[in-house]
Every structure is written in C-alpha cells, then in structure tokens.
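A quick write-up on the structure given underneath.
The shown structure was predicted, so the numbers you read here are calculated from the model rather than taken from an experiment. Residues: numbered from 1 along the sequence shown.
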Amino acid sequence: MSLSRTPIASQRLRRRRRTKIIATLGPASSTTEVITRLFQTGADVFRLNFSHGSHEDHAARIASIREIEKRFDRPIGILADVQGPKLRVGRFAGGKVHLQTGQAFRLDLNPTPGDARRVNLPHPEIIAAAAINSHLLLDDGKLRLRVTHKRDDHLETEVIFGGPLSDRKGVNVPDVVLPIPALTEKDRIDLEFALNAGVDYIGLSFVQRPEDVIEAKEIAAGRAWIMVKMEKPQALENLDEIIRLSDAVMVARGDLGVELPPEEVPLAQKRIVRTARQMGKPVVVATQMLESMITAPAPTRAEASDVATAVFDGADAVMLSAETAAGQYPYEAVNIMDRIVARVEQDAGWRQITDASRPEPEGSASDAIATAARQVAHTIKAAAIAAFTDSGMTALRVARERPDCPILGLTPKPETARRLAVVWGVHAVIAREVDSFTEATDEAREEARKENMAQPAEQIVVTAGVPFRQSGGTNMVHVAKV
C-alpha cells in the first residue's frame with residue numbers, strides 16, 4: 001500500500017513543534033469532517049478506545065483516517081487501545097448502598113445481589129491473591145477497604161474511607177500482583193480485528209510483568225508496535241525490562257493515579273519518561289491533561305502547566321482522552337494543546353533542559369552515528385537531519401538525541417511512516433526506495449526541499465544504514481548541500 005501523491009500534496013501539513021499530539025475519537029468525533037478538522041488543528045495520531053464502541057464503529061473511523069491520510073498525503077498514526085481486564089463488584093439489591101467508615105464489609109463469590117453488609121466479587125483471583133492488611137480501592141479509589149480476614153470464598157474487610165457504592169463499580173488492588181493475564185478473551189478478539197484493520201500501535205492495558213508484553217508482541221508479530229500502558233504499581237517494579245521489551249510507552253495516569261498515592265504519581269511519570277528516553281522508546285503522557293475542557297472552552301492554568309511539564313520532561317507525545325472523544329470542545333482542546341506545546345518549545349529554557357537531559361549514547365555503532373549526526377547538524381547549523389529508515393529504528397535513534405533541527409524521516413514503507421507519527425521531532429515522508437548512498441542523498445535533498453525544510457544552498461545531514469532495505473544498523477552519516 002502507498003499513499004497517493006495528490007494535488008493537495010503542496011499543502012502537506014508540517015507541524016512547527018516537535019512533541020506530538022494524540023486525540024481520542026468517540027461520540028463527539030466520529031465523522032470524517034470532525035476527524036479532518038482535528039487533524040488540521042494539530043492531531044498527529046488518533047486513538048481508538050476499545051472499551052467503547054463496536055468493531056463497525058472503529059472500522060468506519062479507521063476508513064475515515066485513511067481517507068484523510070490520502071487527501072493530505074501525510075501518514076497518520078492509529079492507536080488501538082484494548083480494554084484489558086476490568087475488575088468490578090457485582091450488583092446491589094437496591095442498585096446502590098452507602099458504606100460507613102469503620103464498618104465491616106464482605107466481598108464474596110455469592111452472585112446474590114448485595115446490600116450494605118456484602119457484595120459479590122466475581123474475581124476469585126483477587127480473593128486468592130489478597131493478604132491480610134492489603135487494600136482494595138473501589139470506584140476509582142473513592143472508597144478504600146482493608147482486608148481483615150480471608151477465606152477461600154470471601155474477604156472480610158474494614159471500610160477505611162466510606163461513601164456511596166453502586167452496581168458494577170471498579171475494583172483496584174494496588175498491593176499485590178494479580179494472577180490475571182493482561183489480555184482477556186475480548187481483548188484477543190479486538191486485537192485481531194485491529195491488527196487486520198492495519199492499526200499502527202496497540203495500547204496494552206493492565207501490564208504487570210514482562211511476560212504480558214512478550215505475549216502481546218507474539219500475537220502482533222510485527223504488524224503493529226506495542227505501546228505498553230504503565231498503570232499498575234507492579235509494572236514499576238519491572239520498569240526497565242518492560243520498557244526494553246516494548247515498542248512504545250504510555251504514562252496512563254488514570255489507573256496509576258488510583259493505585260499510587262497522589263504524591264507518587266508525578267515522580268512515577270518522570271521516572272517512566274526518563275527510562276523510556278534512555279532506551280530510545282517513544283513515550284506518551286496521558287489522562288486528564290485538559291480534563292476541564294470536556295465542558296469548558298479553555299483549560300485551567302494547572303492543566304496548561306501539566307502539559308508544559310510533560311514537554312519539559314521530554315515526552316514524545318501528549319494525549320487527549322475524553323476531551324476529544326466526548327467533550328463539548330474537541331477542536332479547542334487540540335488547538336490549545338498545540339499552542340502550549342509550541343510555546344514551550346520556543347523557550348530558551350526548554351532547549352537548555354532538553355540538552356542537559358540528553359541520555360548518554362549506548363555502546364553501539366547506531367548510537368554513535370546518531371550522536372554524530374546531531375553534533376554535525378548543530379555545528380554546521382544544518383536545516384534538517386534526513387534519516388533513512390526501513391523499520392523506524394534509525395529515526396528513533398536520531399530522535400533520542402533531540403537535535404535542534406527538524407528530523408526528516410524517509411522510508412519506503414507506509415506502516416513505518418505511520419508509526420513514526422508518535423515520535424518526537426520526526427516529520428515522516430514515504431520516499432522512493434534507494435539502493436545506494438548517492439541515491440539516498442539525492443532523495444533526501446529533493447524531499448527536504450519539497451517539504452520546505454531546506455532552501456537551495458542550505459545543508460542537511462543524511463544518515464542511514466547500508467546496505468539499504470535491511471533493518472538494524474545505522475552506520476553512515478553525510479553532509480549534503482541542497
């Protein structure tokens with residue numbers, strides 16, 4: 001498959017910022033017209049939330065995105081976010097109860113509707129894994145229970161923080177690793193649908209162990225990048241190995257914010273971003289970034305600062321969830337996020353922090369070449385770095401260096417160009433296949449000029465792995481005049 005070179009190609013969008021924006025699609029953003037406007041406003045990647053909607057709904061949105069992609073001759077990334085296990089209490093006889101702080105409350109395997117003294121917990125794995133004094137959080141952490149006694153078929157708890165509790169509210173167990181796989185049967189069906197539909201990233205929920213990532217990667221078999229959602233405290237205990245196995249990472253602050261104390265979430269965010277950057281893996285900061293804009297046309301000052309902090313930390317992308325999926329102001333949310341990101345990246349302090357936090361190169365030829373490309377580009381004030389990449393790895397290595405000039409990601413593969421839509425600073429273009437470095441240099445000059453990245457007589461830095469069309473091995477860097 002290839003993107004057509006259409007008459008609108010001269011109007012191809014090139015963002016004037018390095019950090020990318022992901023917008024979630026939903027009831028407020030389901031038509032081609034709305035998705036087009038979100039893309040024009042600043043969305044680089046679209047997220048499909050498989051916790052909601054039918055396969056038919058998602059198929060229609062994927063078709064719309066690919067139609068927009070052809071119209072604008074720009075690769076667009078699609079993230080399929082699978083639901084993962086949803087742990088919930090059962091139902092109540094009256095639909096709702098109020099738990100008093102200090103009272104006893106039982107969670108059991110009995111499917112009979114509950115009352116103010118007990119409720120069904122249809123997850124024997126939780127009962128088996130829970131320990132005395134471990135905590136259970138209900139309804140996104142609004143209620144907290146402490147386990148006081150344990151039997152094979154139930155848990156006796158004390159209500160630490162009470163409040164209203166209604167049917168099918170969620171359960172979080174922050175203290176223990178649950179013997180539950182990250183992929184449910186529903187997820188496997190959704191995953192196969194999404195992969196067959198040609199999505200670019202799979203958002204993997206409920207990751208606790210490296211084995212969860214290995215299983216998803218085996219199923220994907222290279223058809224999409226696996227973006228691990230860091231939302232369980234247990235995943236933080238295996239952070240390095242999980243990120244090493246992943247293709248990309250998301251700081252999913254929703255569940256993470258429920259299971260971790262609030263004061264720990266900012267530190268966890270910085271640690272995840274820092275580790276992902278060190279390993280050269282794209283990292284996304286997500287959840288509640290502009291939450292107030294679900295119902296308001298402008299964000300709070302704290303939300304604007306939150307987005308700016310993610311940019312200062314070096315995130316590859318920031319994400320909007322309900323703001324664009326179900327909010328009243330989806331365009332305004334994308335627009336203000338675009339403006340915040342662009343403004344931060346114009347600040348001298350941002351460049352100083354970005355340079356100071358650059359990871360040390362790993363001991364490989366690929367890293368050495370990427371580092372050299374960035375240094376050469378800085379020294380000669382190059383207009384751009386052109387990275388030829390088959391799998392995306394060369395562009396990722398250059399992006400890890402956070403150069404002060406744009407990165408032109410050149411690839412003959414549409415799927416690689418789409419995956420690079422989430423990567424910091426990379427403007428991906430589907431280029432013709434080349435067989436020699438001379439051809440590559442000529443192609444880089446032509447695309448840099450066509451994309452308005454370089455003017456005649458300006459210099460660009462070209463990097464690639466030779467021989468071409470073989471993944472894994474960036475080994476050449478060259479300076480070329482346009």
Side-chain angles (χ1 to χ4, degrees), residues 1-3 12-15 18-24 39 43-48 62 65-66 68-70 72-82 191 194-204 213 216-217 219-229 243-250 276-277 279-284 286 315-319 366 370 385-400 406-431 433 447 463-465 469-472 474:
M1 178 185 177
S2 63
L3 303 185
R12 279 185 241 166
L13 297 179
R14 181 161 76 87
R15 311 299 187 198
R18 278 64 174 267
T19 308
K20 305 298 182 67
I21 294 175
I22 302 175
T24 303
F39 171 66
D44 302 291
V45 174
F46 289 104
R47 170 177 173 256
L48 308 177
I62 291 170
I65 294 166
R66 295 305 181 218
I68 295 163
E69 186 179 61
K70 288 181 179 179
F72 286 90
D73 196 19
R74 289 292 309 129
I76 302 172
I78 300 177
L79 164 62
D81 198 335
V82 298
L191 189 57
L195 291 168
N196 289 335
V199 304
D200 308 296
Y201 329 93
I202 298 296
L204 186 64
V213 188
K217 292 202 77 170
I219 294 172
R223 290 177 285 173
W225 279 356
I226 300 299
M227 182 181 290
V228 168
K229 296 171 65 180
I243 292 182
R244 186 186 66 78
L245 290 167
S246 306
D247 299 303
V249 188
M250 180 189 295
R277 279 205 59 198
M279 295 188 184
K281 303 297 177 77
V283 57
V284 179
D316 287 77
V318 285
M319 192 176 95
S366 296
I385 297 175
F388 278 86
T389 184
D390 195 70
S391 65
M393 291 304 105
T394 297
L396 281 171
R397 287 286 120 182
V398 174
R400 180 179 181 268
I407 304 167
L408 180 59
L410 299 169
T411 178
K413 295 185 175 180
E415 61 270 26
T416 297
R418 291 165 179 155
R419 292 171 189 178
L420 292 174
V422 80
V423 180
W424 186 99
V426 176
H427 178 77
V429 170
I430 300 173
E433 288 190 339
E447 290 295 345
T463 183
R469 282 176 275 192
Q470 291 185 15
S471 298
T474 307

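For T24 (side chain) and R47 (main-chain N/O), no donor-acceptor pair under 3.5 Å exists by modelled atom type.
Looking at K229 and D81, a side-chain N of the basic residue comes within less than 4.0 Å of a carboxylate O on the acidic one, giving a salt bridge.
Contact record, E433 with P412: CG-CB, 3.4 Å, taken as the closest heavy-atom pair. The two atoms that bring T389 and L420 nearest to each other are CG2-CD1, 4.0 Å, heavy atoms only. For the residue pair P282 and V422, the shortest heavy atom distance occurs at CB-CG1, 4.0 Å. In terms of heavy atoms, I78 sits closest to V45 at N-CG1, 4.3 Å. Of all heavy-atom pairs spanning M319 and A286, the tightest one is CE-CB, 3.6 Å. The minimum heavy-atom distance between Y201 and A224, with the atom names listed, is N-CB, 4.2 Å.
One distance of note links NZ of K281 with CZ of R400; it measures 11.0 Å at 0.5 Å rounding. Summarising the geometry, atom CD1 belonging to I430 is positioned 10.0 Å from atom CD belonging to E447; distances are rounded to the nearest 0.5 Å.
Considering only heavy atoms from C-beta on, D247 stays 4.5 Å or farther from R419 through its side chain.
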Worksheet item: Going through the distances and angles, do R66 and E69 end up as a salt bridge (charged side-chain N to carboxylate O under 4.0 Å, His left out)?
Response: CA-CA 5 Å; R66 295 305 181 218; E69 186 179 61; 3.2 Å; yes

Practice prompt. Take K20 and D316 through the salt bridge (charged side-chain N to carboxylate O under 4.0 Å, His left out) test and state the conclusion after the steps.
Written response: CA-CA 6 Å; K20 305 298 182 67; D316 287 77; over 6 Å; no

Worksheet entry | Pair T474-M393, side chain to side chain contact (heavy atoms under 4.5 Å, CB included): steps then yes or no | CA-CA 8 Å; T474 307; M393 291 304 105; 5.8 Å; no

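With a 6.0 Å cutoff to the six-membered ring centre and a 45° limit on the axis angle, R15 counts as a cation-pi contact of F39.
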